[in-house]
Amino acid sequence: MIKADQIVPYSALYIDMQYRHLFNTLWSYLKPIDQDKYIQQIEEIWLGGLKNQKILVTLCVRASTDLVLQALNWPPGSEVIITGINIPDMVQVLRLNGLIPVPIEVDPHTLGCTLDQFKQFYTEKTKGIMISYVFGAKFDASEIIDWAKSKGLFIMEDEAESFSAPNAKLNPNVDFSTFSFGSIKTCSAFGGSISVIRNNEALYRKMKAIQETYPKWSQRNYFKRTLKNLIPMILLNSRTINRSSRWIFINFFPNWDYKEFVVNSIRGFQKNPDDILQTYRFRVPDPMMVMLALRMKTFDTDQFNISISRQLVGQSILKKGGLLVPGHAVEDRKFWLYPVVVPDPETTYKVLNSRGIDAYMGVTQLDIVESPIGSSYQYPNSTLAYFKNILYLPIHQNADLKSIQRICKEVIEVVEMLKSQHPKL
């Protein structure tokens with residue numbers, strides 16, 4: 001039986017939401033609001049008066065990507081070169097809009113790609129590129145963006161996992177950047193996406209016009225999602241409750257997969273099996289819009305950066321211990337989730353959890369983007385080689401430095417122990 005003081009009181013998932021945010025938006029369920037007022041507030045925070053940029057608030061990143069692809073209306077069979085790690089739903093949005101996503105390998109050290117890789121897969125069918133920054137590691141893509149601009153390609157940035165501040169400096173040559181504020185994202189609003197469209201008023205107006213034809217996602221759905229997120233929020237965010245509840249689960253309900261319960265509770269959407277795109281073709285409900293505006297106004301950049309400095313200490317410990325932290329070589333490193341590559345993730349996971357460290361394996365829907373069927377494009381085998389060995393550690397912006405140090409040292413110790421027992425690892 002594990003003792004309570006052996007349990008590190010953090011989980012690999014953390015819901016970046018405060019109870020005051022929930023209380024301060026309750027009124028929006030009771031009376032209709034002027035959404036334009038809140039969009040204007042978001043624009044003032046994000047754009048600071050820049051005239052060549054527009055903000056579009058959507059239900060999720062998949063919704064905003066679907067909108068921009070509908071507005072662009074490329075010929076069926078057009079190709080989009082994309083970074084080779086993403087969630088399957090994003091790839092599906094591209095395919096259901098008649099496009100062929102062409103994936104390229106993702107370097108484990110930067111979680112990025114090179115210009116030569118993009119050039120290699122560029123053809124006369126290529127209409128655009130999509131650069132996805134995963135796990136909070138925003139690699140320097142300026143060379144790729146400049147080249148794509150010179151070729152007249154449409155440039156999309158999927159920043160669902162790389163939000164660091166509402167007024168963060170973005171590359172002015174990017175045509176479309178989209179950010180997620182889902183349940184387990186940084187600055188969560190329990191849903192919603194904010195997209196920036198640059199230097200293209202006509203495209204913005206097309207997207208806006210298409211969005212206006214959508215019905216609103218119901219307030220009831222958003223309220224249900226909020227309630228579903230409350231239990232994981234209570235279990236994950238409070239150190240006392242996290243430690244005591246896990247002590248009970250581990251010692252008295254060892255066969256109950258509480259992690260699966262938590263992950264399922266925070267999943268985003270119930271897909272429409274008849275038409276998957278219709279799942280996302282809704283406008284933002286009033287309470288979600290109010291929540292997004294509130295979260296942008298109250299985001300504490302200084303506290304966020306202080307938490308990043310603690311997480312970087314953990315990265316340094318893991319690197320010195322010979323382990324790969326994907327994205328470690330990015331200069332301005334931020335974190336969304338905390339991945340580490342280990343030789344035997346399943347066994348490492350079991351040993352760490354037996355020691356009171358709440359590591360996760362299937363915490364995210366991220367996966368390898370497969371090459372188009374029947375094409376000559378290469379399968380991203382190099383990316384798969386490290387991606388399949390990723391383990392997620394209970395390190396996030398709420399974790400204290402002492403716990404981070406303990407977690408990382410124990411990970412190194414467990415990996416070394418397993419290697420001594422199984423020299424082929």
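- With Phe163 as the fixed residue, the ring pair (Phe, Tyr, Trp, His ring centres under 6.0 Å) test singles out one of Phe304, Trp336, Phe335, Phe299: Phe299.
- Surrounding CD of Glu331 are at most 12 heavy atoms belonging to other residues, nucleotides or ligands under 6.0 Å away.
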Trace of the side chain to side chain contact (heavy atoms under 4.5 Å, CB included) decision for Phe118 with Ile104: CA-CA 7 Å; Phe118 276 83; Ile104 52 180; 3.1 Å; yes

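- Side-chain atoms of Thr83 come within 3.5 Å of backbone N or O of Ser132 as a donor-acceptor pair.
- Note that CD1 of Ile85 is 12.0 Å distant from CG of Asp158, once rounded to the nearest 0.5 Å.
- For the side chain to side chain donor-acceptor pair (under 3.5 Å) criterion with Asp66, the lone passing option out of Gln278, Gln92, Arg281 is Arg281.
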Decide yes or no on salt bridge (charged side-chain N to carboxylate O under 4.0 Å, His left out) for Arg295 and Asp16, but give the supporting numbers first. CA-CA 10 Å; Arg295 296 299 277 124; Asp16 185 17; 3.8 Å; yes

Determine, step by step, whether Lys127 and Glu79 satisfy the salt bridge (charged side-chain N to carboxylate O under 4.0 Å, His left out) criterion, reporting the C-alpha distance in whole Å, the side-chain angles of both residues, the deciding distance to 0.1 Å, and the verdict. CA-CA 6 Å; Lys127 294 294 185 184; Glu79 295 179 351; over 6 Å; no

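- Distance alone, capped at 3.5 Å, places no donor-acceptor pair between the Asn229 side chain and the Phe190 backbone.
- Of the options Asn398, Asn237, Asp358, a side chain to side chain donor-acceptor pair (under 3.5 Å) to Ser11 is made by Asp358 and by none of the others.
- Thr279 approaches Phe282 most closely through the heavy-atom pair O-CD1, 3.6 Å.
- Between Asn242 and Leu235, every side-chain heavy-atom pair lies at or beyond the 4.5 Å cut-off.
- At distances below 3.5 Å, at least one donor-acceptor pair connects side-chain atoms of Glu161 with backbone N or O atoms of Phe135.
- Considering every non-hydrogen atom in both Ile15 and Ser183, the closest pair reads CG2-O, 3.6 Å.
- Separation of atoms CG (Asn305) and CD (Gln303) is listed at 9.5 Å; rounding is to 0.5 Å.
- Summarising the geometry, atom SG belonging to Cys408 is positioned 9.0 Å from atom CD1 belonging to Ile357; distances are rounded to the nearest 0.5 Å.
- Using a cut-off of 4.0 Å between Lys/Arg side-chain N and Asp/Glu carboxylate O, Glu413 and Lys409 are scored as not salt-bridged.
- Surrounding CD of Glu143 are at most 12 heavy atoms belonging to other residues, nucleotides or ligands under 6.0 Å away.
- For Arg333 against His328, the heavy-atom pair with the smallest separation is NE-N, 4.1 Å.
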Run the side chain to side chain contact (heavy atoms under 4.5 Å, CB included) test on Leu318 and Leu324 for me, step by step, so that the C-alpha distance in whole Å, both residues' side-chain angles and the decisive distance to 0.1 Å come before the verdict. CA-CA 7 Å; Leu318 292 167; Leu324 169 63; over 6 Å; no

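- Across Tyr392, Tyr14, Tyr360, a single residue satisfies side-chain contact (heavy atoms from CB on, under 4.5 Å) together with Leu337, and that is Tyr392.
- Aromatic ring centroids of Tyr280 and Trp217 lie 6.0 Å or more apart.
- Using modelled atom types, one side-chain atom of Glu105 and one backbone atom of Thr383 make a donor-acceptor pair closer than 3.5 Å.
- Taking every heavy atom of both residues into account, Pro394 and Ile407 meet most closely at O-CD1, 3.5 Å.
- Here the CE-NZ distance, from Met289 to Lys216, works out to 8.0 Å after rounding to the nearest 0.5 Å.
- When atom types are taken as modelled, the side chain of Glu260 and the backbone of Asp257 share no donor-acceptor pair closer than 3.5 angstrom.
- Between atom CD1 of residue Ile395 and atom CD of residue Gln315 there is a gap of 10.0 Å, rounded to the nearest 0.5 Å.
- At least one donor-acceptor pair under 3.5 Å links the side chain of Tyr10 to the backbone N or O of Asp400.
- Residues Thr25 and His21 come closest through the heavy atom pair OG1-O, 3.1 Å.
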Worked check of side chain to side chain contact (heavy atoms under 4.5 Å, CB included) between Tyr349 and Leu391: CA-CA 7 Å; Tyr349 162 85; Leu391 190 67; 3.7 Å; yes

Take Ile82 and Leu94 through the side chain to side chain contact (heavy atoms under 4.5 Å, CB included) test and state the conclusion after the steps. CA-CA 10 Å; Ile82 68 173; Leu94 288 165; 4.1 Å; yes

Start with the C-alpha gap between Phe139 and Tyr133, add the side-chain angles, then the distance that decides, and say whether ring-ring contact (aromatic ring centres under 6.0 Å, His included) holds. CA-CA 7 Å; Phe139 71 99; Tyr133 306 107; 5.4 Å; yes

Please step through salt bridge (charged side-chain N to carboxylate O under 4.0 Å, His left out) for the pair Glu159 and Lys138, ending with a clear verdict. CA-CA 9 Å; Glu159 301 222 31; Lys138 190 168 181 178; 2.8 Å; yes

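- With hydrogens and angles disregarded, a donor-acceptor distance shorter than 3.5 Å links the side chain of Ser354 to the backbone of Val351.
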Would Asp175 and Arg198 count as a salt bridge (charged side-chain N to carboxylate O under 4.0 Å, His left out) if you check the C-alpha gap in whole Å, the side-chain angles of each, and the deciding distance to 0.1 Å? CA-CA 5 Å; Asp175 298 297; Arg198 297 180 189 82; over 6 Å; no

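- A donor-acceptor contact under 3.5 angstrom links the side chains of Ser142 and Asp140, judged on distance only.
- Pairing each heavy atom of Pro9 with each of Arg239, the nearest pair is CB-O, 3.4 Å.
- In this structure, Tyr338 has its ring center no closer than 6.0 Å to that of His396.
- Using modelled atom types, one side-chain atom of Thr348 and one backbone atom of Asp344 make a donor-acceptor pair closer than 3.5 Å.
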